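Following: one structure in structure tokens, then a few remarks.
So that the names make sense, note that chain A is the first sequence line, chain B the second, and so on, each numbered from 1. Model, not experiment: these values are computed from the prediction.
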2 protein chains.
Amino acid sequence: MSTAIDLADRGGVDDLSMRRLADELGFKVMSLYNHVANKDELLELMVDRILGAVEFVDTGEGVIEDDDGAAANDDAVDAETDSASETGAADWRTAIIHLAVAEHRLILAHPWVASVMNTVFPRTGRWRLAEELLRLLTLGGFTGHLRDLGYHAITLHVGGFTQQQIGYQFTPEREAEMYARFHRDVTEDVYPLMVDHVRYHEVMDTIPGERPDEFRFVLDLILEGLERRRDDP
Amino acid sequence: MSTAIDLADRGGVDDLSMRRLADELGFKVMSLYNHVANKDELLELMVDRILGAVEFVDTGEGVIEDDDGAAANDDAVDAETDSASETGAADWRTAIIHLAVAEHRLILAHPWVASVMNTVFPRTGRWRLAEELLRLLTLGGFTGHLRDLGYHAITLHVGGFTQQQIGYQFTPEREAEMYARFHRDVTEDVYPLMVDHVRYHEVMDTIPGERPDEFRFVLDLILEGLERRRDDP
DNA sequence: ACCTGAACACCGTTCAAGT
DNA sequence: ACCTGAACACCGTTCAAGT
């Protein structure tokens, strides 16, 4: 029934109204309130269904499993992460990267999640993720204040960076207007570096935030820095 | 006239409707469309006014100045940044930190900016910021792909991290409901680390994302990592 | 237990008419 | 040049009434 996700996947979350959803389901608006307290609860359920689908990597110890009982250790994400999985059990660092990238990708696949995520209460799908991240950090030898900082650094990076990237995903019409405005307002004499920057993207044929490795790049910076602070003073 | 910002500062952006704004100004709704094409343009102007207020630090070279002609080099932000400003002219690193922290604080002071920023076209207030950041990175010896990565890493961090932090700023009622839900759903047997984590925050008497140094912490990780990649292979 | 019609208090925006 | 009344096509939600 909560397959109102399709509707949001199509027209974005702004096109998801209780009225449109009811139409789609063949009911009248008010029937929905028999299954859901209000729109906030609907969004809550939708977000949690998406985020609940993140799968954990096997670290060789007690793994918190998915609702479906699946604890994946070989899929597209894993293939990109570093080695170390030759042993069968991944180390904490690989597992955190897997977790973050998997969540990042799920949000990119359902862009409306990014904006709704923040305004809605967490449910089990999100608590799971939080607990697992804390577990992996602990496994990595992080405790106390540094674990706390690391936890926030990573979660805020996953949510925030992804959300910002999605902001760069324009519809064709917006893309066209953006292009027009840029060439009208941003001239080489006033903004030489900005012009250069955009030219660079044109040559590379990339849209800012669409380059697949940017999320990983910053994630790596964060993890490196955390490790250094763990090992030094 | 664009002092509809007050309205958004008070009740959040959801309480800012064309109708309420007109009421506040003593006009009828439709009069607004004589001064602004539509609501999007209004939000565009509001965001740009806020972000246009970010002041740049003097790096001793050609400084792009504020609209007001102010090129601040000693205020609250500067006091927190590292030394190096004894010379009068700040180095690129200090200046980037200043820039990022200043923008971060402005957004925190007008939380609605975070959510609107992404959905609205940039104007001169934002182009300035982009150009200045690129200038500082160039000053720091970054070129090509690394400068590009650094630029995106920093801008997405400023916007995204801040936005996520704001998501943690609950109203008292939401705070109370969050508290109740947490203690109902997150039990020590299933989520031991999460319980521990929240207990840590309670002892520290901090709300996640309210600790003032978290933004700087991750920013430092990013800048450190960028420097290392600039100096090494 | 689930559905519905009518109603309430809202939105953004257009358009023709006023001064 | 600026303001406005009426209207259009929408919102989320409540409540009493139906089966």
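- Using a 4.0 Å cutoff to heavy atoms of chain A, the contacted part of DNA chain D runs 5' to 3' from D:dC11 to D:dT14.
- When the P atom is compared between C:dC10 and D:dA9, the two are found 22 Å apart, to the nearest whole Å.
- Between B:Leu221 and A:Ile222, the shortest heavy-atom contact is CD1-O, 3.7 Å.
- A cation-pi contact, defined as under 6.0 Å to the ring centre and within 45° of the axis, links A:Arg174 to B:Phe121.
- Using a 3.5 Å distance cut-off with no hydrogens or angles, the side chains of A:Gln165 and A:His104 do pair a donor with an acceptor.
- Residue A:Lys28 is the one, among A:Lys28 and A:Arg19, whose nearest nucleotide of DNA chain C lies closer to the 5' end (criterion: closest heavy atom).
- Judged by the 6.0 Å and 45° rule, B:Arg128 forms a cation-pi pair with B:Phe56.
- The nearest pair of heavy atoms linking B:Val13 to B:Ser115 is CG1-OG, 4.4 Å.
- Of the possible donor and acceptor atoms, one in the side chain of A:Arg20 sits under 3.5 Å from a partner among the backbone N and O of A:Asp15.
- Residues B:Asp148 and A:His201 come closest through the heavy atom pair OD1-NE2, 3.1 Å.
- Note on A:Met18: only backbone sugar-phosphate atoms sit closer than 4.0 angstrom, heavy atoms only; bases stay farther off.
- Using a 4.0 Å heavy-atom criterion, one finds that A:Ser31 contacts the bases of the nucleic acid, with or without backbone contacts as well.
- Stems are defined here as 3 or more consecutive Watson-Crick or G-U wobble pairs with pairing distances under 3.5 Å; those involving DNA chain C are C:4-8 with D:12-16, C:12-16 with D:4-8.
- When the nearest nucleotides of DNA chain D are assigned to A:Met30 and A:Asp15 by heavy-atom distance, the more 5′-ward of the two goes with A:Asp15.
- Considering every non-hydrogen atom in both A:Asp185 and A:Tyr191, the closest pair reads O-CE1, 3.8 Å.
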